[in-house]
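So the structure is just underneath, and the comments pick up after that.
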Amino acid sequence: LKAFEGDKVLRILAKNEDQISLLQDLTEMDQLQLDIWKEPTHPTLPVDIHVPFESLQSVKAFLEANEIEHYIMINDLQALIDEERHEMQSTRF
Amino acid sequence: IEPRNTDNFDYAQYHTLDEINAFMDMLVAENPNLVTKLRIGSSYEQRPLYVLKFSSGPNRPGFWIDTGIHSREWVTQAAGIWFAKKIVIDYGRNQAFTAILNKMDILLEIVTNPDGYHYTHTTNRMWRKTRKPNPGSSCVGVDPNRNWDAGFGGPGASSNPCMETYRGPSAHSESEVKSIVDYVKSHGNIKGFISIHSYSQMLMYPYGYTKTPVPNQPELHDLARRAIANLASLYGTKYTYGSIITTIYQASGGTIDWTYDQGIKYSYTFELRDTGRYGFLLPANQIIPTAQETWLGLMTIMQHTKDNLY
């Protein structure tokens, strides 16, 4: 079973088209292995990105350097998956 | 402990593929005069692709609803189960719904991407695509919502098999897609088609592959407005609406662009609840509220379709 320990999902709120463009550049950085839950399209829509633990520092640095507003939507993806699995199993019995 | 009938089924929990298949069998057994289970094809890994057909008489036009084409969007499959039960409960009891089912069949595909769904339960909860290997690549799967013959290969889909929006080698290359294509064509009389996704709280109509407005845009736009107003009347959930390309982004090869181009005027795609907290991991206690409010939106579209058969 694939594990996501320490992975976070960030909700990113771009202010303008320039920031959207920067976020599009970010999502194309293959080495970060980002999973884009909601793509950067225009400033009225939030961008959600599942960031592997190993890429967190790079992504945070990128966002902060470009003054792009963001917050942690899911602090530990694996913990949430575990919770979901536990709930499925416990109700089954 | 397995439920013995669909009244005992736990609609407020997520379920495995086997449990969903067992649910469908129970529903058919309990309602033999109303529900039949059609097998429209097989997935890449040879899982059956089932459609529940709700019909109160012969030779009716059809109204299609599918859930779960993106496997990790678990609330959609769960909502599909709830819709199935809602249909058998409301038929003969709810006047408005009974009138709909007395005029149109409802075709409901609860698990549109069964290989992907099974994979989310056994291997990778975050899997979105199909599970067909891509020759020459170590990356697996195609985005079945970029694989339709509607602007296929254009902007808004990827040609890279490692991307989540990989369109596939050719239009309808995925058996999960081709099976629907074949069924829709052979049916020949489907008047409404709704494909359900999560999460963004949107109701959208074609097109996604071009900015050219569809000829029926004013009607589809007004119907979407009414549908989301009805949806919001239950819990106040706010939806946005419009064409795919203007509401969210350019996406080529999408499901409802193809269905619209096949002449199915009332083609829509839903994006269900976004709480801003859980993404694809919407807690199970929100399944029923999500399904309930979505049903109101569906009712608006189904009623309008019934009243405006073309």
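None of these values were measured; they are calculated from a predicted model.
Counting all heavy atoms, side chain and backbone alike, Met73(A) lies closest to Gly279(B) at CE-N, 3.7 Å. In terms of heavy atoms, Thr247(B) sits closest to His42(A) at O-NE2, 3.8 Å. In terms of heavy-atom proximity, Ile74(A) sits nearest to Tyr278(B) at CD1-O, 3.5 Å.
Of the listed residues Tyr249(B), Tyr199(B), Tyr14(B), the one with more heavy-atom pairs under 4.5 angstrom with chain A than any other is Tyr199(B). Comparing Leu1(A), Asp30(A), Leu45(A) by heavy-atom pairs within less than 4.5 Å of chain B, the highest count is held by Leu1(A).
Other residues, nucleotides and ligands contribute over 12 non-hydrogen atoms within 6.0 Å of the CD atom of Glu30(B). Counted within 6.0 Å of OH on Tyr235(B), heavy atoms from surrounding residues, nucleotides or ligands total more than 12; the atom is thus considered enclosed. In the displayed structure, Gln57(A) atom CD is contacted under 6.0 Å by at most 12 heavy atoms of other residues, nucleotides or ligands. The number of heavy atoms from other shown groups lying within 6.0 Å of CD (Glu67(A)) does not exceed 12.
Residues Arg72(B) and Trp37(A) have side chains in contact (heavy-atom distance under 4.5 Å, counting atoms from C-beta outward). Side-chain atoms of Glu164(B) and Asp35(A), non-hydrogen and from C-beta on, do get closer than 4.5 Å to each other. Side-chain contact between Asp48(A) and Phe280(B) is absent, with no heavy-atom pair separated by less than 4.5 Å. Residues Lys38(A) and Ile248(B) are not in side-chain contact: their nearest non-hydrogen atoms beyond the backbone lie 4.5 Å or more apart. Side-chain contact check for Leu281(B) versus Val9(A): every heavy-atom pair is 4.5 Å or farther apart. In this structure the side chain of Asp274(B) reaches within 4.5 angstrom of the side chain of Arg11(A), judged on heavy atoms.
No salt bridge links Arg125(B) with Asp82(A); every basic N to acidic carboxylate O contact stays at or beyond 4.0 Å.
Of the two parts of His15(B), only the backbone, made up of N, CA, C and O, holds a non-hydrogen atom closer than 4.5 Å to a non-hydrogen atom of chain A. With a 4.5 angstrom heavy-atom cutoff, Ile72(A) does not touch chain B via any of its atoms. Both the backbone and the side chain of Ser200(B) come within contact range of chain A, with heavy atoms under 4.5 Å apart. No part of Gln250(B) comes within reach of chain A, as not one of its non-hydrogen atoms sits under 4.5 angstrom from that chain. Using a 4.5 Å cut-off between heavy atoms, Ser158(B) does not touch chain A at all. When heavy atoms are compared at a cutoff of 4.5 Å, Glu84(A) approaches chain B solely by way of its side chain, counted from C-beta outward.
Summarising the geometry, atom CE belonging to Met88(A) is positioned 10.5 Å from atom CG belonging to Asp10(B); distances are rounded to the nearest 0.5 Å.
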Exercise. Apply side chain to side chain contact (heavy atoms under 4.5 Å, CB included) to the pair Trp127(B) and Lys2(A), showing each step before the final yes or no.
Key: CA-CA 10 Å; Trp127(B) 192 259; Lys2(A) 186 170 167 56; over 6 Å; no

